[in-house]
Every structure is written in C-alpha cells, then in structure tokens.
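Quick notes on the structure that follows.
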Amino acid sequence: MEAMAFVTEDRKAAQESTFPNTYTFDLFGGVDLLVEILMRPTLITQKKKQKISDDLIKDCLSILYNTCICTEGVTRRLAERNDFVLFLFTLMTNKKTFLQTATLIEDILGVKKEMIQLDDIPNLASLVSSFDQQQLANFCRILAVTISELDTGSDDKHTLLAKNAQQKKNLGPSRAEINQATLLNIPGFIERLCKLATRKVSETTGTSSFLQELEEWYTWLDNALVLDALMRVANEEAEQSSTESSDESGLANTSTRTQLPQSMKIMHEIMYKLEVLYVLCVLLMGRQRNQVHKMIAEFKLIPGLNNLFDKLIWRKHSASALVLHGHNQNCDCSPDITLKIQFLRLLQSFSDHHENKYLLLNSQELNELSAISHKANIPEVDAVVNTDRSLVCDGKRGLLTRLLQVMKKEPAESSFRFWQARAVESFLRGTTSYADQMFLLKRGLLEHILYCIVDSECKSRDVLQSYFDLLGELMKFNIDAFKRFNKYINTDEKFQIFLNQINSSLVDSNMLVRCITLSLDRFENQSDAKVAEVLSECRLLSYMSQMSMRMSFLFRLINIIHVQTLTQENVSCLNTSLVILMLARRKEKLPFYLRTLQQMEYTEKYPGFILNNFHSLLRFWQQHYLNKDKDSTCLENSSCISFTYWKETVSILLSPDRTSPCAIVSYIDEAYMDIDRDFSEE
C-alpha cells in the first residue's frame, strides 16, 4: 500500500511523507533476509538443489522493490552487493519472474556508483538467446545503463581542458566501451534488435500473452501510470467501436470486447522501440562504429524504419493521445515524443561522416543524385556508386525525403526542429557533395530554413544553431545556393533581420560565417560568368567581401572564447577564426590582419587583450589537435584546407621571433605581453 501511495501520489508530497511499515521492515533486517532467501539455493553445495517456488520469488522481489521505492538508501545498499546484482540476472531466465527482476535491476543499476561489467553476468549469451522479443526489449532498458558513458548528459558543456586531463588518466577503454564490445559479440544480438525496431504493430504477439504481460505490468507499480492511461484510451476506443457496430449483428460487439484496442498495441510497441533505438544509437556512436554500421545495413534497419514512418514513428496523434499523469501531450516525456527524438538521433548518428548514409534514399532518388552529377559534369561520388541497391529504402520516398516533408510542416515552436535539422545536417557533413546539396535544394530546404530564421524570427538558441549549421553545409561552395539565397532575401529589411540573427550569437552562427568566408574565397578565384554574376548581386557575399566585416567577425570570434571556457560547442569559433587567417595567409595578407587586430585593441583602449588571448588559444589548439588520438580529417573535409596548412599557420602565428611579420608576438608591446602562462584545469 505504501508503494502504491508513493507511485500515485504527487512525488513531492510523497518525499515529505514517511512510510513507517517499509522503514520498520528494513530497520529490523527484512531486506537482508529477503536477499538471503533468494540467494540460498546458490549457496548450497549439496547435489540436490533446493528449489524456490516462483510465487515466493515474485513476492520477495515485490517487497524488495516496494522497499526500495519508499525507503531511501535501500537501493544503494543493494547496489553495493555485486554478488546479488549479478545473481538477479540469473533470475531473468524464468519467464514468470522476468518483469519483476528486470524492474528491480533497472532501479539498482540506476544508483550504482560503478558500472557493472556485462562480462561478469553468468552465461550472458545463452541468457539473451533465451529471451523472447518482448523480454529482449525490456532487457534493452537495463542495457542502456550499462553502455552509456556515465556523464554524457552535459558533454557539450564540459571544458576541453577538463576532458583532455580526464583522457590522460583513462588510458584503457571505459567500462561502457567494454560492455558495448561484449554485446556485439553475442551471436545474433544486433539482428534481433533490428527486427524488433522494424516489426510492424500487426506482427506483435497474440492478444493473450500481451494481456498477460499487461496484467504483470499492472501489479508492477511504476508502470501502473502508463496502464491507467492505456485503459482510458482502451475504453474510449471500445465505446467508439461498439457504437459503430451496433447496427450490425450482436456478434461484432462481442469481438470488440475480446480484441485488444489498436492504440494499446501501438503504445506498447512504441515503448519497446524506444529502448531498442536507444541501444542501437549508442552502439553506432561507439568504438565499434563500423562493425555496427555494417550489421545494421545488412539487417535492413533503415528500409524497415522507412516503412514504419507514417504509421508509427510520425503518426498523427489520435484525439486521446496517450499521456502520462500530470503531463500534456507535447511535453518531452510522452512516449510518442521520445520515440521521435530517439529516431532522429539514430538517423543523425547513422549518416554522420559515413558512406552508408545513402541507404536513407530509395533507388529513384539515388538515380537522381547520379543525374545531378552528370548534368553538372562532375564525377559521381564513389559512395553513391558503391551503395548496395538491395539495402536501400523502398516505397515512393526514402527516409531523408520523408524527414524533409515533416520538417516543413513542423509548428514554429516545436522541440523537434532542432533534432530534424541535426539529422539532415549530418547527411551533408563530411566532404562537400554538390549533388547532395542540389538534391535538398530542389526540395525547397533552403527557403524553408530562411523562412524559419527570418520570417518567423526563430528565438530558440538551440534551433537557431542547428539551422545555421545546416544552412552552412547546404550552401558551402554552392553558387546555386547563394543565388537562391539572394532570391529569397530580396530586400534590405530581410537581409538586416538575417544579419541580426547571425550577430545575436556568434557561438551559434560561426559555422555559417566560416562557410560564407570559404565559399567567397573559392568563388573569387573562379573565372566563370555565372559565378561573377552571383558575386556582384548576392547581398551576403558582398557583405562578407568587405574587409571591415571580416575583421569585425574575427575580432569578436577571438573575444568570446578563452582557454578556460572552451567546450566542444564553442571550440568551432577558434577554428573559424583560424580559417579567416589561413585564407589571409594564402593571399599574403596575414601581417595586415594582425596589425588591424592590434589597432582595434588600441581603439578599445585595451592593448594586448585580444592578441594575448589568441596566443593562448592557439597553444591550446596545438595541444588538443596534435594529439595522436585526435581526428583531424573533420577539419580538412569541412574546410577543404589540408591539415598540414592548418598546423603550419598555427606554428607561424606562434613563432617567438619578434621580427617575424606573421608572428602574434610582433604585435604585442613588451609592456602588455602576457603569453607564458601554462593552462591547468582550475
């Protein structure tokens, strides 16, 4: 009763109230006794093992779980007993006690200080192969905790200094990485996950086992909320269908009673797919990325998800869309919404810098990419030619095109916009492909993004950043894109709004600034009439071609970051400022740029503050990017400037020779020099 009260009461009130029965039970050793009862058979060495009845196991687990919910500290104590945690996994082989065991394990792993090693679970491979698909989906909830790095939530926010120091300490792979490898070694594991992720609702198991599981759920407290809502939906649907069928014979009526409402099946399936997609997504981002990619392609995950897109993943909400207690339909914790976000994250990690990204298209769309290349008289991308046509999407549209369709219909304030833009941007990332850009430009993506940035004057920082990044990838080196931009942003007023959005936060828009700078540089070196025409007409290119504007961007980019505050999110500002200076160096203008920065410092009445900071940032850059584990291909691919040129430019700027016209120190007066400090994580 106490646990029931805890789950159904408002959580806040529950924390203030005490639960005397649970507390007393634990105080007098009840919890330890239950653990002992459960584990006793494993401790006896006699030939004839004692067998505990399933009902007793169920009751022990229920009481343990209820005590964990109501009394603080119990879950932690259980988590410290490694032998007990590993023992619980062995109870999962029994179908009758599976759900109780799974829920308790999930709770315990949630508070465990040290991540468990999946390798330590007795007979893991045979345990997993004994699960049916529903159990496997529930097991994924547990796996999620064991394969995710413990502190990834705020990854972008950690300073790079702290992360680099941490990496020096951790020489071997982390526990999460070891666990990921363990899972990949279980025969048939990925294949089963792909099947689960792509099965249609109609393929799910018969009503009886499903009802039995719902009943299990109902006795299983934490999910009682979900069930409540499910029952509500079910009743509404049953009433609806009985009124519809009352004109016909009475027979139809009885069948609706015994049939399980479709919306309940859908909800159940959504909650399963959520867990499975999460696990696949983490594995796709891990060390064995290429191996996972190969398997996912082979087991046709992408075409399978494409077939579920309209019916399940992006289905229209029914009037009584399922919502948990105290939440509204659009809050981020409804299963429908979480599934969409998980799906978009999977697409993002699937297509990011990987040639398998072309599996997101169907055959006609791949032919269209080839046609775009032929028409423009450029060679086809190898990855397009090499894509195995038997593994691509089928149907009228591929996943990427479907994603563009829903993206355009998304309401302005929707939380999905960020994830949608990220997923499409990751398709364009890597070496710039003219055909990929044109494929998306033809479908009106540029106009849609500009509408969101300029006409709806988007305010959300996250969404703006994802739109600027996407716009940068879409327009980079593409003269047609700049022409389209100019056609859409056709008044000074619109252009001013666009500039205000860029200037409102350079951390968010610097990738776009980098794209315009690089594109302008390339266009200026081309002798093509069409390019010359766009160069003279395009507001954006004319704006960026003014030296004063480039200097203003450079000055602000260096000014908003410091070594102590560099994160994964804002380090791009440093690389963008370097791009501006590398292009200047190519034109032998580097001394002029450095002198101008020096003059700007004097105008601000603060000599040395920009150049000293820039000197420190570049020293950090060397430490960070010249590390043997660091992947420099991203910098090369995104800028089309060789990494050697990046390294040389940084060395020249950091030269200690005060007579060198390209060294930063030549432009800082002795009195204001402040460049010798070492960085630490303070």
Side-chain angles (χ1 to χ4, degrees), residues 1-9 11 14-15 17-44 49-116 118 120-122 127 131 135 138-146 212-227:
M1 282 168 67
E2 286 181 354
M4 205 60 187
F6 179 81
V7 174
T8 46
E9 266 183 51
R11 291 276 161 130
Q15 271 150 13
S17 53
T18 53
F19 297 103
N21 295 328
T22 328
Y23 175 73
T24 311
F25 175 74
D26 177 42
L27 183 67
F28 287 93
V31 169
D32 299 332
L33 194 57
L34 287 176
V35 171
E36 196 187 318
I37 292 173
L38 283 170
M39 289 186 74
R40 185 168 290 166
T42 63
L43 305 174
I44 291 174
K49 289 269 185 198
Q50 274 184 320
K51 184 97 174 71
I52 302 186
S53 76
D54 293 341
D55 288 339
L56 180 56
I57 293 179
K58 257 188 187 176
D59 288 344
C60 288
L61 291 170
S62 285
I63 301 168
L64 273 179
Y65 181 66
N66 295 351
T67 315
C68 283
I69 289 183
C70 299
T71 306
E72 225 179 315
V74 175
T75 324
R76 275 206 172 74
R77 275 204 337 263
L78 290 175
E80 280 162 16
R81 291 200 52 177
N82 234 8
D83 59 338
F84 178 63
V85 178
L86 293 172
F87 162 76
L88 280 177
F89 280 95
T90 63
L91 292 183
M92 291 179 108
T93 49
N94 184 343
K95 255 199 138 129
K96 290 184 180 143
T97 55
F98 176 86
L99 263 180
Q100 277 82 345
T101 316
T103 315
L104 184 59
I105 292 178
E106 197 187 334
D107 253 34
I108 289 176
L109 294 186
V111 299
K112 199 165 164 50
K113 282 200 181 75
E114 277 222 307
M115 191 180 283
I116 66 158
L118 292 176
D120 296 340
I121 297 171
L127 175 68
F131 293 154
Q135 289 175 315
N138 274 311
F139 190 56
C140 281
R141 289 179 69 116
I142 292 169
L143 291 179
V145 188
T146 67
Q212 182 193 342
E213 180 162 350
L214 280 182
E215 204 177 348
E216 295 252 317
W217 257 28
Y218 199 47
T219 53
W220 212 237
L221 294 165
D222 239 9
N223 298 321
L225 307 180
V226 180
L227 212 75

| said: Counting C-beta onward and ignoring hydrogens, is there a side-chain heavy-atom pair between Val74 and Ile69 closer than 4.5 Å? | reply: no

| message | Return the CG to CG distance between Leu38 and Leu104, rounded to the nearest 0.5 Å. | response | 9.0 Å

| query | Taking C-beta and beyond as the side chain, do Arg81 and Met39 meet within less than 4.5 Å on heavy atoms? | reply | yes

| query | For Ala79 and Val111, which heavy atoms make the closest approach, and how far apart are they? | reply | CB-CG2, 4.1 Å

| task | List the steps and the verdict of side chain to side chain contact (heavy atoms under 4.5 Å, CB included) for Thr103 and Asn138. | result | CA-CA 9 Å; Thr103 315; Asn138 274 311; over 6 Å; no

| Side-chain (Thr146) to main-chain (Leu143) donor-acceptor, under 3.5 angstrom | yes

| message | Just so I know, are the side chains of Leu78 and Val31 near enough to count as touching, which here means a heavy-atom distance under 4.5 Å? | response | yes

| said: I want to check something: taking the side chain as every heavy atom from C-beta on, are Phe89 and Ile116 in contact at a cut-off of under 4.5 Å? | reply: yes

| query | Is a side-chain N or O of Lys96 found less than 3.5 angstrom from the main chain of Asp54, in a donor-acceptor match? | reply | no

| request: Check whether any side-chain heavy atom of Asn66 lies under 4.5 Å from a side-chain heavy atom of Thr22, and answer yes or no. | output: no

| request: Check whether the ring centres of Phe98 and Phe139 lie less than 6.0 Å apart, and answer yes or no. | output: no

| From Cys60 SG over to Ile52 CD1, what is the distance, rounded to the nearest 0.5 angstrom? | 6.5 Å

| said: Does any part of the side chain of Asp83, heavy atoms only, come nearer than 4.5 Å to the side chain of Phe87, both counted from C-beta? | reply: no

| message | With heavy-atom distances below 4.5 Å as the criterion, would you say the side chains of Thr67 and Phe19 are in contact? | response | no

| said: Looking at Tyr23, I'd like to know if its OH atom is crowded, meaning that more than 12 non-hydrogen atoms belonging to other residues, nucleotides or ligands lie closer than 6.0 Å. | reply: no

| task | State the CD1-SG distance between Ile63 and Cys68, to the nearest 0.5 angstrom. | result | 12.0 Å

| request: Show your reasoning for whether salt bridge (charged side-chain N to carboxylate O under 4.0 Å, His left out) applies to Arg40 and Glu36. | output: CA-CA 6 Å; Arg40 185 168 290 166; Glu36 196 187 318; 3.2 Å; yes

| To the nearest 0.5 Å, how far apart are OG1 in Thr75 and CD1 in Ile108? | 7.0 Å

| Distance (rounded to the nearest 0.5 Å) between Leu88 CG and Ile121 CD1 | 10.5 Å

| Any luck finding a side-chain donor-acceptor pair between Asn82 and Lys112 under 3.5 Å? | yes

| note | Rounded to the nearest 0.5 angstrom, the CG-NZ distance for Leu91 and Lys58 is 13.0 Å

| query | Between Ser53 (side chain) and Leu56 (backbone), is there a donor-acceptor pair under 3.5 Å? | reply | yes

| Do Ile105 and Met92 come close enough that some side-chain heavy atom pair is under 4.5 Å? | yes

| query | So, for Pro20 and Thr24, which heavy atoms are closest and what is the spacing to 0.1 Å? | reply | O-OG1, 2.6 Å

